[in-house]
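For reference, the structure is listed below as structure tokens.
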Amino acid sequence: MRQWMLKITAYADRLLEDLDGLDWPESVKEMQRNWIGRSEGAEMEFRALDSDGKERDVKIIVYTTRPDTIFGATYLVVAPEHPLLSLLVSTDQSKHVEDYVELASRKSDLERTELQKEKTGVFTGCYAKNPANGEAIPIWVADYVLGSYGTGAIMAVPAHDSRDYEFALNYNVPINWVVMPNDKSINESGKAFSGEGVIVNSSNSFVGLDINGLSSKEAALKVIEWAEKSGNGKKKVNYKLRDWLFARQRYWGEPIPVVLLDDSGETVPLNESELPLILPELDDFSPTGTGEPPLSKAVSWVKTRDSLSGRPANRETNTMPQWAGSCWYYLRFMDPTNSKELVDKTKERYWGPVDVYVGGAEHAVLHLLYARFWHKVLYDIGVVSTKEPFQCVINQGIILGEVQYMAYRDQDGNLISADVADISNEHNLEKIPEEKVMKSGDSFVLKENPNIRLVARAYKMSKSRGNVVNPDDVVAEYGADSLRLYEMFMGPLRDSKTWSTSGIEGVYRFLGRTWRLIVGSPLSDGTFKERTISVDEEATIEQLRSLHKCIAKRKLKAQGSTLEFLQ
Ligand code: ANZ
């Protein structure tokens, strides 16, 4: 099936570097860094050997982040989906390998790379030459190596990689120590030493490589330099980030604005004047059953001509994924009625970039990365003037449900205080209505028996707990101003906070009082005096004193609960 991919990997470095200048939660930036997963290392070439030990014309290229450990590579692993595998398997081993590959194909990448999972594999029957020390080392196929990362093959260094170590113990492969930690304790540890240190057992005058005594970093550089000179490998940067599969076979979603010429099959973008391309109305947008997208049913829409050359063409029938629109909607907010272009340049320069973006951490690596990518593409073609779309991102705290009070009962059914109860037994907890509760110091206790300390907890709002507060109900009862003001006074935007209906009542009363201060009390018929009751006179000294006392008090409380001063 023909698919569209967006080449986000071409922006990997910029997406990584530009994170530094952003005012975003550090945790979100770190998630993006890990998702992009930049890793620096080398690709090294290992020649396969025939049964007489002669070099064959088959090269296995491995990706390693530790070229300094090359003298410790005692076997190679190719992923079960490696394209050269069939060339490597000996007749004796072919049945074993086939069965193993079949088994691996049923596992997910996650299952395969889980650290705790037992490392398994099958010998291919073939050997390769370690280019550094000239030794023949066995080639295995094992599913802890993924076909989709690096080159799909590794040089395994059991002494210095814990996965390889475990594997080598299982299958009796030699373990050669080549990095010495500074405390010289390697051989007694009973596990791989994966840190950096000083290189040992790593010299071969025959190929002109000696890295003994160097630090891991120096050795890695020297091995890469040697490999590049001798044609055994080269420096390589890899990313975990994959290109973005950008085609969907469903009706909804933005149509992709390109046509395919009938005669040459060439893909041609629509002229800008033909944009936006609108989805055609379809009565039946169910799947076609043939793998062709449902849009192929819109025959008269699909059949078209290339506007420039007039040649007959078919429109692309795949649609964009749901993430497409969220990559650029904020730009349209700056200029929503513009029918000529995405956004007017002057308006974009005035409004952009978005000053504060409030959103949940669930968007950390998808939406927020995709939007940054689109923005950079738009920057490169001169549509936007900033390199980044969202200068500041804030993950707002959740509003938890109202605090619930609970008391424990002992086996005889008597209420007992929380400080002596068996807190592991949640079944003995009983909900206590708020009116029966009072505060005592830092705790909550039963009004009728203050010796019984209660547990106070707030839970995430959910239908199953029955603690959902519907803002419509609050607005109906207290008005939108009360709701807004209450939310602003609940506490810092980034913190989780508990909802409190008595809190909103406080705000409601405060607003009422403010109102009456300005317009006065209601008249006997329930209406209010026209205009305000405020007067344009100098404040008395008493009034000024009260005002400044209030400001001073407010300053003191600025760090604490902001609601208190209202009551
Ligand atoms: C030899 C070696 C020695 C390695 C050592 C590590 C420690 P990152 O940082 O994630 O890029 N590797 C390479 N390709 C792989 C694949 N397709 N599937 C599974 N593992 C793969 O990790 C790079 C390291 O992961 C590489 O460096 C390779 O093992 C392994 F003491 O090579 B290393």
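Each ligand, and each atom within it, is numbered from 1 in the order the structure gives.
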In this structure, atom 25 (O) of ligand 1 is nearest to the protein heavy atom Arg163 NH2, 3.5 Å
Residue Arg494 excluded, over 12 heavy atoms near CZ under 6.0 Å: no
Quick test: of every protein heavy atom, which one is nearest to atom 3 (C) of ligand 1, and how far off is it to 0.1 Å? Thr69 OG1, 3.4 Å
Can you list the residues that meet the side-chain contact (heavy atoms from CB on, under 4.5 Å) rule with Lys217, with sequence neighbours excluded? Glu196, Ser215
Is it the case that Trp24 and Gln32 place a side-chain donor and acceptor less than 3.5 Å from each other? no
Short N/O distance, under 3.5 Å, between Gly147 and ligand 1? no
Mind checking whether Val157 contacts ligand 1 via backbone (N, CA, C, O), side chain (CB onward), both or neither, at a 4.0 Å heavy-atom cut-off? side chain
Which residue and atom name correspond to the protein heavy atom nearest atom 14 (N) of ligand 1, and how close is it? Ile154 CG2, 3.6 Å
At a 4.0 Å cut-off, with the gap strictly under it, does some heavy atom of Gly150 reach an atom of ligand 1? no
Arg66 versus ligand 1: do any nitrogen or oxygen atoms come within less than 3.5 Å of each other? no
Judged by modelled atom types alone, do Tyr357 and His363 share a side-chain donor-acceptor pair under 3.5 Å? no
May I ask you to say whether Asp57 pairs ionically with Arg47, meaning some side-chain N is under 4.0 Å from a carboxylate O? yes
Within this structure, what is the CD-CD distance for the pair Gln249 and Glu292, rounded to the nearest 0.5 Å? 9.5 Å
Residue, atom name and distance, where the atom is the protein heavy atom closest to atom 6 (C) of ligand 1: Asp161 OD2, 3.4 Å
Under the side chain to side chain contact (heavy atoms under 4.5 Å, CB included) rule, what do Arg14 and Phe373 come out as? Steps first, then yes or no, please. CA-CA 9 Å; Arg14 285 164 65 188; Phe373 162 49; over 6 Å; no
Proximal ligand 1 atoms for Lys240, defined as those under 4.0 Å from one of its heavy atoms: 8 (P), 10 (O)
Any N or O on His160 sitting closer than 3.5 Å to an N or O of ligand 1? no
Between Lys376 and Asp18, does any side-chain N to carboxylate O distance fall below 4.0 Å? yes
Could you identify the single nearest non-hydrogen protein atom to atom 17 (N) of ligand 1 and state the distance to 0.1 Å? Leu146 O, 2.8 Å
I need the nearest protein heavy-atom contact for atom 28 (C) of ligand 1: residue, atom name and distance, please. Tyr63 O, 3.7 Å
Using 0.5 Å steps for rounding, measure from the CG atom of Asn204 to the CD atom of Glu135. 9.5 Å
What atoms in ligand 1 come closer than 4.0 Å to a heavy atom of Thr65? 9 (O), 11 (O), 23 (C), 24 (C), 26 (C), 27 (O)
Determine all donor-acceptor pairs shorter than 3.5 Å in which one atom belongs to a side chain in residues 233-241; sequence neighbours excluded.
from, atom 1, to, atom 2, distance (Å)
Lys234, NZ, Glu43, OE1, 3.4
Tyr239, OH, Asp13, OD1, 2.8
Tyr239, OH, Asp13, OD2, 2.8

So which heavy atom in the protein is nearest atom 33 (B) of ligand 1, and how far is it from that ligand atom? Thr64 OG1, 3.7 Å
List the closest protein heavy-atom neighbour of atom 8 (P) of ligand 1: residue, atom name, distance to the nearest 0.1 Å. Tyr149 OH, 3.7 Å
